[in-house]
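Some notes on the structure that comes next.
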Amino acid sequence: MNIQEIKSAIAQWASSFSMPTSLEICSLYAEDAVLMGTLSPFYRNTPELIKEYFDSLFHQQERSVEITDIHVQTYADTATCSGLYTFHWKSHDEHRVNLEARFTFVLVRQSERWLIVHQHSSALPKNHIAVRSGS
């Protein structure tokens, strides 16, 4: 296992966030995955609920996500990936929205593919103090 493989899987997730539909991003999650999304008050633990979450976001125009910090840890066929990202989109009233958030992904290798089995994402506190890790 290679750290670059995990970073590539997360880059694919970020890229698919800008696609016209949620099909590609949803295909990156395992059947038993759990998603605790940034813009949802509850967790999603079925493929249908995960798709519902992304479908609710994919109506936003000019949607993208920029990964600004990433840290990968690997364990046999499992990896964790934590960091920071910023979501961007244009609101219905044409204002640009930029939402800074933190994330943790857990990925498992299944059939030669890295799939997301758990994702937790939450908005950064508004008055956070910028402290960087030693990595």
Side-chain angles (χ1 to χ4, degrees):
M1 171 188 334
N2 162 331
I3 289 176
Q4 191 54 46
E5 289 178 40
I6 305 307
K7 288 183 176 182
S8 292
I10 299 305
Q12 182 181 5
W13 179 90
S15 161
S16 66
F17 187 79
S18 300
M19 295 293 178
T21 72
S22 65
L23 293 176
E24 184 175 331
I25 201 165
C26 289
S27 75
L28 303 176
Y29 290 82
E31 285 292 315
D32 60 347
V34 172
L35 168 64
M36 300 174 84
T38 313
L39 300 172
S40 179
F42 56 92
Y43 69 93
R44 315 284 178 138
N45 61 353
T46 68
E48 296 78 19
L49 291 174
I50 291 171
K51 184 174 184 331
E52 177 185 85
Y53 174 75
F54 285 112
D55 285 346
S56 74
L57 299 178
F58 274 44
H59 71 278
Q60 302 291 350
Q61 299 299 309
E62 299 179 27
R63 186 181 60 258
S64 66
V65 62
E66 173 190 7
I67 297 172
T68 56
D69 191 26
I70 190 167
H71 178 75
V72 175
Q73 298 167 286
T74 58
Y75 310 93
D77 285 342
T78 303
T80 63
C81 182
S82 301
L84 303 173
Y85 47 25
T86 304
F87 293 98
H88 308 280
W89 67 83
K90 188 183 284 186
S91 67
H92 295 294
D93 59 0
E94 301 294 313
H95 286 95
R96 197 79 186 132
V97 176
N98 299 302
L99 175 63
E100 294 180 311
R102 53 193 165 195
F103 65 83
T104 299
F105 288 91
V106 178
L107 298 96
V108 174
R109 185 187 294 273
Q110 295 180 0
S111 303
E112 301 305 312
R113 214 174 142 216
W114 287 100
L115 293 176
I116 300 164
V117 294
H118 183 89
Q119 178 188 357
H120 182 267
S121 180
S122 59
L124 284 178
K126 292 288 184 202
N127 296 317
H128 63 279
I129 299 171
V131 177
R132 297 208 27 105
S133 68
S135 57

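Count residues from 1 along the sequence.
Residue Leu115 belongs to no hydrophobic cluster, having no ILVMFWY side-chain heavy atom closer than 4.5 Å to its own. Applying the 4.5 Å side-chain rule to ILVMFWY residues, one finds Val106, Val117 in the same cluster as Val108. In the hydrophobic clustering (ILVMFWY side chains linked at under 4.5 Å, chained through shared members), Met36 is joined by Val34, Tyr43.
Remark: Thr80 engages Gln73 in a side-chain hydrogen bond (donor to acceptor under 3.5 Å, both in side chains) (not counting sequence neighbours). Scored by the side-chain hydrogen bond (donor to acceptor under 3.5 Å, both in side chains) test, Glu52 finds Arg44 as partners (sequence neighbours excluded). Applying the ring-ring contact (aromatic ring centres under 6.0 Å, His included) test to His92 and every residue at least two apart in sequence or in another chain returns His59. Residues passing the side-chain hydrogen bond (donor to acceptor under 3.5 Å, both in side chains) test with Ser91, sequence neighbours excluded: Asp93. Every residue meeting the ring-ring contact (aromatic ring centres under 6.0 Å, His included) condition with Phe58, not counting sequence neighbours, appears here in chain and number order: Phe17. By the side-chain hydrogen bond (donor to acceptor under 3.5 Å, both in side chains) test, Thr38 pairs with Ser121, sequence neighbours left out.
Identified under the salt bridge (Lys or Arg N to Asp or Glu O under 4.0 Å) test for residues 53-66, with sequence neighbours left out: Lys51-Asp55, Glu62-Lys90, Glu62-Arg96. Among residues at least two apart or in separate chains, there is no salt bridge (Lys or Arg N to Asp or Glu O under 4.0 Å) pair with a member in residues 11-35. Here salt bridge (Lys or Arg N to Asp or Glu O under 4.0 Å) pairs that include residues 12-23, with residues two or more places apart or in two chains, number zero.
Here Phe103 and Trp13 keep their ring centres 6.0 angstrom or further from each other.
Considering every non-hydrogen atom in both Ile116 and Ala33, the closest pair reads O-CB, 3.4 Å. Contact detail for Ala9 and Trp114: the closest heavy-atom pair is CB-CB, 4.2 Å. Scanning all heavy atoms of the two residues, the minimum distance from Phe54 to Cys26 falls at CD1-SG, 4.1 Å.
Under the 4.5 Å side-chain criterion, counting only non-hydrogen atoms from C-beta, Ser27 is not in contact with Gln12.
Tyr85 places no side-chain N or O within 3.5 Å of a backbone atom of Ile70 that could act as its donor or acceptor partner.
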